[in-house]
Amino acid sequence: MSDEATTTHGAWTPDGEVPPPAPKVSEDAVISMMKTVFDPEIPVDIYELGLIYAVEIEDDGKVKVEMTLTTPSCPSAQELPSQVEESIRMVPGVTGVKVEVVWDPPWDQGRMSEDARLAMNMF
């Protein structure tokens with residue numbers, strides 16, 4: 001199969017060229033990017049730590065994330081949500097990002113993945 005067969009082109013109309021549709025944003029791609037954000041006090045990414053509660057992806061490429069922090073007094077309270085937003089903006093097709101910090105339900109160690117527990121020697 002040639003490269004031309006896999007390339008997406010825009011369409012031409014009497015009013016001019018119409019750009020090709022933006023790629024659909026995949027949840028896996030969004031999660032992969034969130035996994036590049038680490039809590040500076042804990043050597044585990046925020047997704048494995050269980051800080052991400054919800055990810056919603058609209059058809060137009062807008063992404064909404066509900067996340068929490070380990071405690072309301074977390075010293076990274078300002079920077080972690082911003083880092084999450086910045087990481088998601090790098091996903092192809094994302095047109096907007098909203099990160100909302102929620103406190104209900106409160107985070108506890110039971111939200112951590114098995115990998116996170118192993119990394120922190122919490123069995």
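- Pro105 is linked by a side chain to side chain contact (heavy atoms under 4.5 Å, CB included) to Tyr53, Arg111, counting only residues two or more places apart in sequence or in another chain.
- Between Ile88 and Val94 the shortest heavy-atom distance is O-CG2, 3.5 Å.
- When side chains are defined from C-beta on, Gln109 does not count as touching Met120, because their heavy atoms never get closer than 4.5 Å.
- Nearest heavy-atom pair, Ala119 versus Val44, reported as atom, atom and distance to 0.1 Å: CB-CG2, 4.0 Å.
- Take Glu79 and apply the side chain to side chain contact (heavy atoms under 4.5 Å, CB included) test, not counting sequence neighbours, and it matches Pro40, Ser76, Gln83.
- Applying the side chain to side chain contact (heavy atoms under 4.5 Å, CB included) rule to Ser26 yields the partners Asp28, Ala29; only residues at least two apart in sequence or on another chain are considered.
- In this structure the side chain of Met33 never reaches within 4.5 angstrom of the side chain of Tyr47, judged on heavy atoms.
- Under the side chain to side chain contact (heavy atoms under 4.5 Å, CB included) criterion, Gln78 pairs with no residue at all, not counting sequence neighbours.
- Every residue two or more places apart in sequence or in another chain that forms a side chain to side chain donor-acceptor pair (under 3.5 Å) with Glu85 is listed here: Arg89.
- Lys35 meets the side chain to side chain donor-acceptor pair (under 3.5 Å) test with Glu48; sequence neighbours excluded.
- A chain of hydrophobic side-chain contacts below 4.5 Å, direct or via other Ile, Leu, Val, Met, Phe, Trp or Tyr residues, connects Val97 to Val102.
- In this structure, the side chains of Val84 and Leu51 stay at 4.5 Å or more apart for every pair of heavy atoms.
- Under a hydrophobic-cluster definition in which Ile, Leu, Val, Met, Phe, Trp and Tyr are linked whenever side-chain heavy atoms come within less than 4.5 Å, directly or via other members, Met67 and Ile42 are assigned to the same cluster.
- Both Val30 and Val101 are assigned to one and the same hydrophobic cluster, defined by single-linkage of ILVMFWY side chains at heavy-atom distances under 4.5 Å.
- Listed by chain and number, the residues in a salt bridge (charged side-chain N to carboxylate O under 4.0 Å, His left out) with Asp104 amount to none (sequence neighbours excluded).
- Taking the salt bridge (charged side-chain N to carboxylate O under 4.0 Å, His left out) definition, one finds that Asp59 meets it with Lys24, sequence neighbours left out.
- The distance from atom OG of Ser87 to atom CD1 of Ile46, rounded to the nearest 0.5 Å, is 6.5 Å.
- Here the shortest heavy-atom pairing between Thr68 and Trp103 reads OG1-CE3, 3.7 Å.
- Remark: Leu69 CG to Leu80 CG distance equals 6.0 Å, nearest 0.5 Å.
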Pair Met112, Trp107 - check side chain to side chain contact (heavy atoms under 4.5 Å, CB included), show working. CA-CA 9 Å; Met112 294 169 59; Trp107 179 86; 3.8 Å; yes
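- A distance of 9.5 Å separates CE of Met34 from CG of Asp45, quoted to the nearest 0.5 Å.
- In terms of heavy atoms, Glu41 sits closest to Pro75 at OE2-CG, 3.1 Å.
- By the salt bridge (charged side-chain N to carboxylate O under 4.0 Å, His left out) test, Glu100 pairs with Lys64, sequence neighbours left out.
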